[in-house]
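All remarks here apply to the structure that follows.
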Amino acid sequence: MAGVDERAADLTTAEQQFSAARRRLFGIAYRILGSAAEADDVLQDAWVRWQTYDRSTVRNPDAFLTTTVTRLAINVAQSARVRRETYIGPWLPEPVDTSADPTLGAERGEALEVALLMLLEKLTPTERAAYVLREAFDYPYEQIAEIIGHSQASVRQLVSRARRHLGEERRAPVAPEAQRRLLTAFVAAAKAGDVALLEQLFAEDVISYSDGGGAVRASKFPVVGRPRVAKYHHAFAERFWAGVEVEPADVNGHPAVKLSRDGELFAVLTVRATTDGIDRVLWMMNPQKLAAVSA
């Protein structure tokens, strides 16, 4: 009986260690993958490995779990890249509700905004992991090197390259309060189909992305440019907004709205707002991607 009790106590300790790290581990996996469902799968795989591993040989459980989750996420990201090449229409990250955890388990909310997660997709999975661990979770270069199995010099190059790539496409953001005001104004103008007002809200090179994944009706191509995006939203305003309930939300650490009809969530909408106006309109409509915010 003593042996059984010891094993039970050991498993309880393992569960406690995993639970204590779970939110941070999910935050790492989600940022690398842009998918809550895939991040959950990675954590489940990591938990199975942690259960069956000889934990008496592990000096630092937190470091072990971080390494396991990061490497699993990199592997999944490599296969996901191939799948997303055949995705129907624009691919947008799976939105997550961050009302209770604005930074999603991180030291800071970096690499969480939907528009930035889209940019992260352009990096290699290893670059993405190095950037996420450094910028969002503030891991030292030495520890990142151990986690991803690279030299410190290589890790510094990975992070530097990622910063440079992202910096080429990122713009100075506005404060969250200003972004929420612009989002609210956009929703009002879109519901009214007011082309002139929409154009006033948009930056010159605004792009509207609609992710339906082939499961619902949505534009299969990004709509580009102030006049075209304004006319695009005017064209479907009357039929789209009929009976729609709009609920403010905090999604991926930024203001968003949930759109429901007859009590059923069918879209999450957010924008990227800069000092030039709204330059990204992001419609997340694939039903399979709404589970993480539907509750």
Check your understanding: Is the F26 ring parallel, tilted or perpendicular to the Y30 ring (thresholds 30°, 60°)?
Key ->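 Correct class here is parallel.
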Check your understanding: Would you call the rings of F186 and F202 parallel, tilted or perpendicular, where under 30° means parallel and over 60° means perpendicular?
Key ->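 The rings of F186 and F202 sit tilted, inter-plane angle from 30° to 60°.
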Review point. If you measure from the Lys or Arg side-chain nitrogens to the Asp or Glu carboxylate oxygens, is any gap between K220 and D211 under 4.0 Å?
Key: no
Check your understanding: Thinking salt bridges, do E204 and R226 make one under a 4.0 Å N-O criterion?
Key ->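 Yes, charged N to carboxylate O under 4.0 Å.
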Is any side-chain heavy atom of [X] less than 4.5 Å from a side-chain heavy atom of [Y]?
X	Y	value
V224	D205	no
P173	Q179	no
N252	L117	yes
V257	E247	no
W50	V48	no

Between [atom1] on residue [X] and [atom2] on residue [Y], distance to nearest 0.5 Å:
X	Y	atom1	atom2	value
L269	K258	CG	NZ	13.5 Å
I74	Q78	CD1	CD	7.0 Å
E107	L133	CD	CG	12.0 Å
N60	L65	CG	CG	9.0 Å
L290	M284	CG	CE	8.5 Å
D41	S35	CG	OG	8.0 Å

Review point. With no hydrogens and no angle check, do the side chains of S260 and E245 hold a donor and an acceptor under 3.5 Å apart?
Key: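 Per modelled atom types, S260 and E245 side chains form no pair under 3.5 Å.
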May I ask you to check whether over 12 heavy atoms, not counting those of [X], lie within 6.0 Å of atom [atom1]?
X	atom1	result
R163	CZ	yes
H165	NE2	yes
D262	CG	no
E238	CD	no

So, does [X] use its side chain to make a donor-acceptor pair with the main chain of [Y] at under 3.5 Å?
X	Y	value
R272	D279	no
D250	G253	no
H234	Y232	no
R55	Q51	yes
T270	P255	yes

Check your understanding: T57: what forms a side chain to side chain contact (heavy atoms under 4.5 Å, CB included) with it, not counting sequence neighbours?
Key ->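 For T57, the residues satisfying side chain to side chain contact (heavy atoms under 4.5 Å, CB included) (neighbours in sequence not counted) are Y53, D54.
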Exercise for review: For R261, check side chain to side chain contact (heavy atoms under 4.5 Å, CB included) against everything at least two apart and list the hits.
Suggested key: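 If we apply the side chain to side chain contact (heavy atoms under 4.5 Å, CB included) test to R261, skipping adjacent residues, the hits are V244, F266.
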Practice item. For residues F18 and W47, establish whether the separation of their ring centroids is below 6.0 Å. Key: yes
**Study point:** Check: H233 ring centre within less than 6.0 Å of F240 ring centre
**Key:** no
Identify the two heavy atoms, one from [X] and one from [Y], that lie closest to each other, and give their separation to 0.1 Å.
X	Y	value
E127	R161	OE2-NE, 2.6 Å
S294	L265	CA-CD2, 3.7 Å
P90	S210	CD-O, 3.4 Å
A190	L198	N-CD2, 3.9 Å
L282	A115	CD1-N, 4.1 Å
A129	T70	CB-CG2, 4.0 Å

In this structure, would [X] and [Y] fall into the same cluster of hydrophobic residues linked by side-chain contacts under 4.5 Å?
X	Y	answer
V246	V251	no
Y209	V271	no
L43	V76	yes

Point to revise | Full working for side-chain contact (heavy atoms from CB on, under 4.5 Å) between W283 and L259 | key: CA-CA 10 Å; W283 297 87; L259 306 181; 3.7 Å; yes
Practice item. Would you sort out whether V114 and L116 count as a side-chain contact (heavy atoms from CB on, under 4.5 Å), showing the intermediate values? Key: CA-CA 5 Å; V114 173; L116 181 56; over 6 Å; no
Result block: side-chain N/O donor-acceptor pairs under 3.5 angstrom for residues 139-150, not counting sequence neighbours:
{"from": "Y139", "atom 1": "OH", "to": "R24", "atom 2": "NH1", "distance (Å)": "2.7"}
{"from": "Y139", "atom 1": "OH", "to": "T66", "atom 2": "OG1", "distance (Å)": "3.4"}
{"from": "H150", "atom 1": "ND1", "to": "S154", "atom 2": "OG", "distance (Å)": "3.1"}

Practice item. List in chain and number order the residues that pass salt bridge (Lys or Arg N to Asp or Glu O under 4.0 Å) with R170, two or more places apart in sequence or in another chain; answer none if no residue qualifies. Key: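 Testing R170 for salt bridge (Lys or Arg N to Asp or Glu O under 4.0 Å), a comparison that skips the adjacent residues, returns E110.
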Practice item. Could you walk me through whether V223 and I207 pass side-chain contact (heavy atoms from CB on, under 4.5 Å), step by step? Key: CA-CA 6 Å; V223 183; I207 304 175; over 6 Å; no
Practice item. Under the side-chain contact (heavy atoms from CB on, under 4.5 Å) rule, what do T98 and L112 come out as? Steps first, then yes or no, please. Key: CA-CA 10 Å; T98 49; L112 187 56; 4.2 Å; yes
Review point. Apart from W91 itself, what residues make up its hydrophobic cluster, given side-chain heavy atom links below 4.5 Å?
Key: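 Members alongside W91: Y87.
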Check your understanding: In the hydrophobic clustering (ILVMFWY, side-chain contacts below 4.5 Å, transitive), which residues join F221, or is it alone?
Key -> none
**Study point:** salt bridge (Lys or Arg N to Asp or Glu O under 4.0 Å) partner of E38, chosen from R84, K289, R31
**Key:**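 Only match with E38 under salt bridge (Lys or Arg N to Asp or Glu O under 4.0 Å): R84.
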